[in-house]
**Student:** 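Just passing along the structure, written as structure tokens.
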There are 2 protein chains.
Amino acid sequence: MMLLGRGLDARDNQTRQMQDAVSNVEKHFGELCQIFAGYVRKTARLRDKADLLVNEIYAYAATETPNLKVGLKNFADEFSRLQDYRQAEVDRLEAKVVEPLKCYGTIVKLKRDDLRATLTAKSREAKQLSQLEKTRQRNPSDLHVIYQAENELQRATMDATRTTRHLEETIDNFEKQKIRDIKNIFSEFITIEMLFHGKALEIYTAAYQNIQNIDENEDLEVFRSSLYPPDYQSRLDIVRANSKSPLQRTGSSKSSLRTAQISRRMLRKDEEEDEEEDEDDEEDDEEDELDTTKEVR
Amino acid sequence: MMLLGRGLDARDNQTRQMQDAVSNVEKHFGELCQIFAGYVRKTARLRDKADLLVNEIYAYAATETPNLKVGLKNFADEFSRLQDYRQAEVDRLEAKVVEPLKCYGTIVKLKRDDLRATLTAKSREAKQLSQLEKTRQRNPSDLHVIYQAENELQRATMDATRTTRHLEETIDNFEKQKIRDIKNIFSEFITIEMLFHGKALEIYTAAYQNIQNIDENEDLEVFRSSLYPPDYQSRLDIVRANSKSPLQRTGSSKSSLRTAQISRRMLRKDEEEDEEEDEDDEEDDEEDELDTTKEVR
């Protein structure tokens, strides 16, 4: 009797520990899932801003002198390509990090069912035990009734042992799978992030050349040619004589003149409008907060 | 007279072109500044989420078996180090990209002053021209008055020419500086981003090993030992016999037993609380939207 009582206590303790283990995973995987999802969301917001930047660089480049135009356009092309990789990063993080963590919601529920089944079997065993004790006290000589109660207790104990054994197996597998999943999820996170950072280095290396290749002097000649018609050449000469560096007079103004068709028909925009646009932008951010899919494209 | 009139027209046209050039820079540098500032802000928000992730990984690691505990803690250390580099990225982008673009607000204002001075001088010249014409029509024989008006026109023309020449110089320098600044700002942007991406690759390489080194089997032994007291060893054997892989039975359970002190005293948190926390978090985002400094640290 004493031994059986201790056995029940020890098993209760063990079930409580299992419950705690499952609750701990529920709590922390839940929080990790939320924060990773937030991280992915902010990455998507960063991509949105980068997309706006791409569009604005294209718009600005269109108004500029030939070298700036080409250099900025090429930079924007590369930077836009990088945002495609950022989008891939977002999609992969969603699929390989957030989703597997989200699955633990269901996994934890199933483990709770197993725990509940074990607790039910155990409480039935405890009830049969107290039933047997009562029977022994009330009818100490009725061996038939005592024998029946002993039989029922034995059945309940076997049932409790069976479900407990099943629970032990299932919790063991749960723990095993959890460690594997944690390793997988973090390995995937690191791999996905590294893929993006590697691509970023590659793309920025090309983009850097696009900016470095912008010929300042040639563009300056184009600007001057567009500003001063031929009969203003003398005044232009005065301006040039005043410019400090003699290097700046080496640009080919003949070839520049041909490309001097700079579109200056741009829409004037009030500062107020810009502010409104920015507010809209922030509102969008709020609305999109829970959605990591790409709205801008 | 006709020549002088054409000269005025040509110069008016030239001044208009200069005004357009300045307005174009005002518009596009203003928008670039806003979008780059948004990009920096979103990067800071991403760092905030990563900081939350670091804290949660530490909190979870503290509740785990020894190998997971150490592996996750080391990963969080590296990931936290990466956020310091992200903060440096934010600070550098603010100083080397957003600030120089912001400066164009002042630069454009100064150029507008120069343009205004030129326009004033030109309108004075035009006024003197019509004054001279009126004088000639009204007093065609009063050579003294005509001479005086001619003198005044000459002074106004010289003044207009002087301020126009100054404007030409200043706009020439403005254009020169603008091309240089655009090249500098985009080069800085690329360099700062590359520095961060390079560091990220370096840090993730180390972090990957921390995750890969987590010994699943040793931790599983620790988990089992914590769950089953010595008198439950027979039941543990049953569980082990049921586990599929024989490799999982090789862990040293002696050394594991010593480290089995796993803290399971964790706070239970309702899902509702998590949701509230997330809302707070989003509210913070809105409040912080205009502030890229680091609040979390």
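Just so it is clear, the structure is predicted and the values come from calculations on it, not from any experiment. Throughout, a chain's letter reflects where its sequence line sits, starting with A, and its residues are numbered from 1.
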**Student:** Name the region of I203(A), side chain, backbone, both or neither, that has any atom closer than 4.5 Å to a heavy atom of chain B.
**Tutor:**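 No part of it gets close to chain B.
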
**Student:** Could you check which of V25(A), T205(A), D219(A), N67(A) has the highest count of heavy-atom pairs closer than 4.5 Å to chain B?
**Tutor:**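 If we count pairs closer than 4.5 Å to chain B, T205(A) comes out on top.
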
**Student:** Quick one: which of L72(B), I190(B), I171(B) has the most heavy-atom pairs under 4.5 Å with chain A, could you say?
**Tutor:**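 Looking at each option in turn, the highest pair count goes to I190(B).
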
**Student:** Are any of the side-chain nitrogens in E216(B) or K176(A) under 4.0 Å away from the carboxylate oxygens of its partner?
**Tutor:** no

**Student:** Give a yes-or-no answer on whether the side chains of E64(A) and Y60(A) include a donor-acceptor pair shorter than 3.5 Å.
**Tutor:**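 There is such a pair (donor and acceptor under 3.5 Å, judged by atom type) between the side chains of E64(A) and Y60(A).
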
**Student:** Using a cut-off of under 4.5 Å for heavy-atom pairs, which of K183(A), E193(A), M194(A), Q212(A) has the most such pairs with chain B?
**Tutor:** K183(A)

**Student:** Could you look at L68(B) and say if it's the side chain, the backbone, both or neither that has a heavy atom under 4.5 Å from chain A?
**Tutor:** side chain

**Student:** Are K178(A) and D181(A) close enough for a salt bridge, meaning some N to O gap below 4.0 Å?
**Tutor:** no

**Student:** Parallel, tilted or perpendicular: which one describes the rings of Y204(A) and F79(A), with boundaries at 30° and 60°?
**Tutor:**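 Aromatic pair Y204(A)/F79(A) classed tilted.
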
**Student:** So which part of F36(A) gets closer than 4.5 Å to some heavy atom of chain B, the side chain, the backbone, both or neither?
**Tutor:**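 When you check distances to chain B, atoms from both the backbone and side chain of F36(A) fall under 4.5 Å.
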
**Student:** Looking at N210(A), I57(A), L53(A), T191(A), which one has more heavy-atom pairs under 4.5 Å with chain B than the rest?
**Tutor:**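 Most heavy-atom pairs within the cutoff with chain B belong to L53(A).
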
**Student:** Centre-to-centre under 6.0 Å for F75(A) and Y208(A), is that the case here?
**Tutor:** no

**Student:** Which heavy atom of I211(A) sits nearest to which heavy atom of G71(A), and what is that distance?
**Tutor:** CD1-O, 4.3 Å

